[in-house]
Amino acid sequence: MTDTRDETTATAAASGQTATERFRESGRVGAAEISTERVNLLASRVIKAVNDTVLEEKVTYDEYNALKAWLIRVGEDGEWPLFLDVWIEHSVEQVANENRHGSQGSIEGPYYVPDAPVQQSPTKLPMREDEPGTPLQFRGRVTNVAGDPLPDAKIEIWHADDLGFYSQFAPGLPEWNLRATVPVEPDGQFHIDTMQPAPYQIPTDGACGALIKAAGWHAWRPAHIHLKVSAPEHQLITTQLYFTGDAHISDDIASAVKESLILDPQPRSDGQGKEVTYDFVLDPA
């Protein structure tokens, strides 16, 4: 039997530091040159919004010092990627994808790891021999906006396990558990066998959890599958797929759910779990 005791000892600080290091290694740090005028505009608006809140809500020194202490803790816990990806990224994603005609995007989140093992479709994601959960057969097709198949497309897929933990961000999980890069078949189709992921709470024992508790919020994300779908001469789409009936579809803490991204898995005819179909449509570059 799979021993899940190790992964359940995952801490916010450990996963936060891992997410921070992954971001530093990603090549995105300092990759873009942003003009002085743009920095001035954006920074000034953010600072003004904070000051306006202070003045309008009559923020006290006790509240101000609590904020200062919390900001310090966010850095110490390495939770800036988590904080930004949970509460801010959905707006950045909306701006980035507002002119798409194909599939809708969603947030990447802090748990993406590049260069997952390549496995040609049809395939089964890397998993433990007795991986817990409900088997899920995920299939579909990748096309352009005209409906033509894209035989050179590839799908990067990753998701949490049945306990809500991600490989490389929780101890005890195999390095590439439930992660792969899947080139599609010549007709653009893909068939991926995996396990249906579970809903989970974002880490609550660190700075972000302290904010959630202080504000009286919940920490839940609905179950979801992460994907990056790309093809030569087409725009890469980063998205998430969700599941009907999830208790937190309507109040996802990350505000990332979109109606077109909700799946409705059906029982397989052989009784071996569930199956679902979703087609991806990519915009031209």
Side-chain angles (χ1 to χ4, degrees), residues 93 97 100-109 111-128 131 133-162 166-167 176-197 222-246 256-285:
E93 182 275 319
N97 292 319
R100 282 186 185 271
H101 299 285
S103 298
Q104 284 193 294
S106 188
I107 64 174
E108 178 180 296
Y111 301 129
Y112 170 63
V113 181
D115 303 321
V118 176
Q119 299 187 179
Q120 185 71 45
S121 176
T123 190
K124 180 179 180 179
L125 292 191
M127 64 181 71
R128 294 162 288 187
E131 187 71 36
T134 301
L136 179 69
Q137 185 178 83
F138 175 44
R139 61 191 180 194
R141 194 163 174 250
V142 182
T143 70
N144 62 21
V145 292
D148 304 315
L150 296 176
D152 296 324
K154 67 177 182 180
I155 297 171
E156 293 181 81
I157 179 171
W158 72 102
H159 61 79
D161 67 6
D162 190 53
Y166 288 83
S167 59
W176 295 105
N177 206 59
L178 303 174
R179 297 177 181 269
T181 300
V182 182
V184 302
E185 297 164 38
D187 59 359
Q189 295 194 59
F190 61 88
H191 296 74
I192 300 171
D193 286 329
T194 185
M195 291 289 181
Q196 186 166 330
H224 55 279
I225 296 173
H226 294 265
L227 304 119
K228 286 180 177 286
V229 185
S230 60
E233 300 181 0
H234 290 78
Q235 296 180 45
L236 176 147
I237 187 72
T238 299
T239 195
Q240 298 183 12
L241 297 177
Y242 305 88
F243 301 91
T244 56
D246 193 292
V257 178
K258 299 176 184 178
E259 188 68 30
S260 69
L261 303 178
I262 300 175
L263 306 175
D264 186 17
Q266 299 297 313
R268 289 173 56 175
S269 57
D270 60 6
Q272 302 299 308
K274 297 181 179 181
E275 61 183 3
V276 69
T277 300
Y278 191 89
D279 295 334
F280 295 97
V281 179
L282 300 187
D283 287 72

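Count residues from 1 along the sequence. No experiment lies behind these values; they were computed from the predicted model shown.
- Between the side chain of Q189 and the backbone N or O of R139 there is no donor-acceptor pair closer than 3.5 Å.
- The backbone N or O of E156 lies less than 3.5 Å from no partner atom in the side chain of T181, so there is not a single donor-acceptor pair.
- A distance-only check finds a donor-acceptor pair linking the side chain of T239 to the backbone of Q104 [under 3.5 Å].
- Contact of the V276 side chain with the L136 side chain is registered, since non-hydrogen atoms from C-beta on lie closer than 4.5 Å.
- Taking the six-membered ring for Trp and thresholds of 30 and 60 degrees, H224 and Y242 have ring planes inclined between 30 and 60 degrees apart.
- For the pair L227 and F138, the minimum side-chain heavy-atom distance is below 4.5 Å.
- The shortest distance between side-chain heavy atoms of D246 and I262 does not fall below 4.5 Å.
- Around atom CG of D264, more than 12 heavy atoms belonging to other residues, nucleotides or ligands sit under 6.0 Å away.
- Heavy atoms only, all atoms of each residue included: R141 and D187 are closest at NE-O, 3.5 Å.
- In terms of modelled atom types and a separation under 3.5 Å, the side chain of R268 and the main chain of Q137 share no donor-acceptor contact.
- Annotation for R100 and I237: closest pair NE-CD1, 3.2 Å, computed over non-hydrogen atoms.
- No donor-acceptor distance shorter than 3.5 angstrom exists from the side chain of Q235 to the backbone of L282, with no hydrogens or angles considered.
- Between E93 and K258 there is a salt bridge, since a side-chain N of the basic residue sits under 4.0 Å from a carboxylate O of the acidic one.
- Of all heavy-atom pairs between P151 and V184, the closest is O-CG2, 3.6 Å.
- You'll find the side chain of I225 reaches within 4.5 Å of the side chain of P197, heavy atoms only.
- Shown here are the side-chain hydrogen bond (donor to acceptor under 3.5 Å, both in side chains) partners of T123, two or more places apart in sequence or in another chain: Q119.
- When all heavy atoms of A180 and P126 are compared, the closest pair comes out as CB-CD, 4.1 Å.
- Residues D148 and T143 form no side-chain contact, since every pair of their non-hydrogen atoms from C-beta on lies 4.5 Å or further apart.
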Steps toward side chain to side chain contact (heavy atoms under 4.5 Å, CB included) verdict (V113, Y166): CA-CA 10 Å; V113 181; Y166 288 83; over 6 Å; no

Working for side chain to side chain contact (heavy atoms under 4.5 Å, CB included), residues Y111 and H226: CA-CA 9 Å; Y111 301 129; H226 294 265; 5.6 Å; no

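- You'll find the ring centres of H234 and F280 outside the 6.0 Å limit.
- The line from CG of L178 to CD of E131 is 4.5 Å long, rounded to the nearest 0.5 Å.
- The closest side-chain donor-acceptor pair between K228 and T238 falls under 3.5 angstrom.
- Residues P265 and E275 have side chains not in contact (no heavy-atom distance under 4.5 Å, counting atoms from C-beta outward).
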Trace of the side chain to side chain contact (heavy atoms under 4.5 Å, CB included) decision for L263 with Y278: CA-CA 8 Å; L263 306 175; Y278 191 89; 3.6 Å; yes

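- Note that the CG atom of D115 and the CZ atom of R179 stand 12.0 Å from one another [nearest 0.5 Å].
- Nearest approach of T277 to G140, heavy atoms of both residues: CG2-CA, 4.2 Å.
- Side-chain contact between E185 and P122 is present, with heavy atoms from C-beta onward closer than 4.5 Å.
- S103 contributes a side-chain N or O that, together with a main-chain N or O of V281, makes up a donor-acceptor pair within less than 3.5 Å.
- V142 is listed as a side-chain neighbour of F190, based on a closest heavy-atom distance under 4.5 Å.
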Step-by-step side chain to side chain contact (heavy atoms under 4.5 Å, CB included) determination, L261 to Q240: CA-CA 7 Å; L261 303 178; Q240 298 183 12; 5.5 Å; no

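- Considering all non-hydrogen atoms of both residues, T194 and H159 come closest at OG1-NE2, 2.7 Å.
- N177 places no side-chain N or O within donor-acceptor distance of the main-chain N or O of S167, the cut-off being under 3.5 Å.
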